[in-house]
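Working notes for the structure below.
Since we're looking at a predicted model, the values are computed, not measured.
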Amino acid sequence: MSLFIQQLLNGISNSSVLFLTTIGLVIIFGMMDVVNNAHGEFIMIGAYTACVTVNVLHVPFAVAAILAALITGLIGIVIERLLIKKLYGKVAESLLVTFALEYIIQQIVRMVFGPENQTIDIPVKGRLLMGSISIPYYNLVLIGAALFVLALTLVLFYKTSFGMQLRAINQNRDMTQCLGINVTKINMFTFGYGAALAGFSGALIAPIKSVFPGMGPAFNVDGFLVVILGGLNSIIGSFASSFVINESITLMSGYMSQIVSKLLIFVVIIVIVRFRPNGLFSSKEKR
């Protein structure tokens with residue numbers, strides 16, 4: 001029984017990490033129709049920013065995470081203005097452009113920092129002990145960060161005029177332009193926000209993951225899986241599917257190999273998508 005509870009708690013923290021690394025992709029891919037293959041590289045930029053600011057500049061980790069979000073968000077805005085702004089609604093073109101951008105960012109980082117892994121100390125050490133069950137304090141930080149990002153994003157997209165305009169653009173881009181909404185500005189800040197969340201997640205996972213130039217693509221695979229299962233433009237869906245996928249894998253990994261558990265989850269996802277091709281929490285189709 002203690003093994004099951006331990007795996008359940010581990011699954012919650014792992015699911016929080018998956019959600020943090022996915023939410024930016026939900027915004028850029030699900031809400032903006034941009035297949036962003038460089039999403040993992042935004043995460044990598046955030047991770048490297050945290051490593052440099054903590055290890056070299058010796059700033060507190062919380063400040064480093066905020067700086068990672070700001071810097072990655074600004075980079076995202078520049079990329080949106082230079083490359084992405086003419087690719088909205090063009091899936092094949094955005095796929096090719098961001099695929100090339102993925103390798104460009106990787107090579108720039110490799111030239112600047114080298115191919116070696118970067119490390120950063122866990123900022124919150126220690127464990128919460130409850131009998132035979134152990135929960136690292138930093139796992140609680142990750143869970144809290146995931147809930148904060150979820151709440152912030154829901155408020156921004158569903159309780160502000162900015163979010164109302166974004167959802168209108170998501171429904172009918174041409175009509176919103178005719179109504180006088182500044183689509184260009186909304187697109188720019190939305191893409192920047194999605195990139196900033198990716199950078200923030202990169203900073204948070206830097207203490208528990210290896211930071212190196214090729215770390216990005218692995219996050220793309222998990223991210224697209226979460227987006228497709230949860231629904232292309234559903235924030236709640238991405239949150240729920242992150243927990244469904246990683247909690248299931250973590251629980252089953254306690255009783256069988258991780259490879260077999262992932263295989264079983266993938267089979268279940270294929271069956272679900274067969275009968276729910278728009279995802280479990282998809283909203284109404286665009287008009």
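Here CZ of F212 is found 13.0 Å from CD of E116. Values are rounded to the nearest 0.5 Å. If you take CD1 on I108 and CZ on F113, they are separated by 11.5 Å, rounding to the nearest 0.5 Å. The OG1 atom of T49 lies 13.0 Å from the CZ atom of F200; values are rounded to the nearest 0.5 Å. Between the NE2 atom in H39 and the CE atom in M44 there is a gap of 12.5 Å [rounded to 0.5 Å]. For the atom pair CZ (F19) and CD1 (I143), the distance works out to 13.5 Å, reported to the nearest 0.5 Å. Note that CG of L83 and CG of L101 are 6.5 Å apart. Values are rounded to the nearest 0.5 Å.
V244 and I23 are members of different hydrophobic clusters when ILVMFWY side chains are connected at heavy-atom separations under 4.5 Å. A single hydrophobic cluster is not seen to contain both Y103 and F42; linkage of ILVMFWY side chains at heavy-atom distances under 4.5 Å, directly or through other members, places them apart. Under the 4.5 Å side-chain heavy-atom criterion for Ile, Leu, Val, Met, Phe, Trp and Tyr, L82 and L87 are members of the same hydrophobic cluster. In terms of hydrophobic clustering, with Ile, Leu, Val, Met, Phe, Trp and Tyr side chains grouped at heavy-atom distances under 4.5 Å, V78 and I84 are assigned to a common cluster. In this structure, M164 is not a member of the same hydrophobic cluster as F157, with clusters built from ILVMFWY side-chain heavy atoms closer than 4.5 Å.
S13 and N139 get closest at one heavy-atom pair: OG-ND2, 3.4 Å. Contact detail for V211 and C51: the closest heavy-atom pair is CG2-SG, 4.0 Å. Residues E80 and N187 share a closest heavy-atom pair of OE2-CB, 3.8 Å. Taking all atoms of both residues into account, the shortest heavy-atom contact from M188 to I77 is CG-CG2, 3.6 Å. Taking each heavy atom of S16 and A146 in turn, the nearest pair found is CB-CB, 3.8 Å. When all heavy atoms of E41 and E102 are compared, the closest pair comes out as OE1-CG, 3.0 Å.
Within the 4.5 Å cutoff, the side chain of L166 has no heavy atoms near those of the L156 side chain. Between K125 and D121 the shortest side-chain heavy-atom distance falls below 4.5 Å. Counting only heavy atoms from C-beta outward, the side chains of V54 and F61 approach each other to under 4.5 Å. Put simply, the side chain of L229 does not reach to within 4.5 Å of the side chain of L225, judged on heavy atoms. A 4.5 Å side-chain heavy-atom check between V17 and I208 finds at least one atom pair inside the cut-off. You'll find the side chain of L264 reaches within 4.5 Å of the side chain of V260, heavy atoms only. Residues D222 and T22 form no side-chain contact, since every pair of their non-hydrogen atoms from C-beta on lies 4.5 Å or further apart. Residues V124 and L140 have side chains not in contact (no heavy-atom distance under 4.5 Å, counting atoms from C-beta outward).
Annotation for L74: hydrophobic cluster partners, listed by chain and number, are none (ILVMFWY side-chain heavy atoms under 4.5 Å, direct or chained). If you chain together ILVMFWY residues whose side-chain heavy atoms come under 4.5 Å of each other, I66 ends up grouped with L70. Cluster note: L67 groups with V63 through ILVMFWY side-chain heavy atoms spaced under 4.5 Å, whether in direct contact or through intervening members. The hydrophobic cluster around V271 extends to F275, counting ILVMFWY residues whose side-chain heavy atoms fall within less than 4.5 Å of a member.
Remark: side-chain polar atoms of T21 are not paired, donor with acceptor, to backbone N or O of G223 under 3.5 angstrom. Side-chain atoms of S201 come within 3.5 Å of backbone atoms of A198 as a donor-acceptor pair (strictly under, hydrogens ignored). With N220 contributing its side chain and N37 its backbone, the two residues share a donor-acceptor pair below 3.5 Å. Without hydrogens or angle criteria, N246 side chain to N14 main chain gives a donor-acceptor distance under 3.5 Å. Looking only at distances, no side-chain donor or acceptor of T153 sits under 3.5 Å from a matching main-chain atom of L150. Under a 3.5 Å cut-off, the side chain of S238 and the backbone N or O of G230 do not form any donor-acceptor pair. Counting only distance, with no hydrogens or angles, the side chain of S241 and the backbone of V226 share a donor-acceptor pair below 3.5 Å. At least one donor-acceptor pair closer than 3.5 Å links the side chain of N55 to the backbone N or O of T119. E247 places a side-chain N or O within donor-acceptor distance of the main-chain N or O of I12, the cut-off being under 3.5 Å.
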Residues F243, F239; criterion ring pair (Phe, Tyr, Trp, His ring centres under 6.0 Å); working and verdict = CA-CA 7 Å; F243 276 80; F239 183 77; 4.9 Å; yes

Show your reasoning for whether side chain to side chain contact (heavy atoms under 4.5 Å, CB included) applies to I205 and I43.
-> CA-CA 9 Å; I205 66 172; I43 295 174; 3.9 Å; yes

Please step through side chain to side chain contact (heavy atoms under 4.5 Å, CB included) for the pair I45 and Y48, ending with a clear verdict.
-> CA-CA 5 Å; I45 291 172; Y48 269 96; 6.0 Å; no

Before giving the answer on side chain to side chain contact (heavy atoms under 4.5 Å, CB included), spell out for L154 and I235 the whole-Å C-alpha distance, their side-chain angles and the decisive distance to 0.1 Å.
-> CA-CA 7 Å; L154 288 175; I235 296 171; 4.0 Å; yes

Between T98 and I79, is a side chain to side chain contact (heavy atoms under 4.5 Å, CB included) present by the stated rule, with each step listed?
-> CA-CA 10 Å; T98 57; I79 291 173; over 6 Å; no

Apply ring pair (Phe, Tyr, Trp, His ring centres under 6.0 Å) to F189 and F162, showing your working.
-> CA-CA 10 Å; F189 283 110; F162 172 85; 7.2 Å; no

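Scored by the side-chain contact (heavy atoms from CB on, under 4.5 Å) test, L263 finds no partners at all (sequence neighbours excluded).
Applying the side-chain hydrogen bond (donor to acceptor under 3.5 Å, both in side chains) definition to pairs two or more places apart or across chains, none involves residues 157-168.
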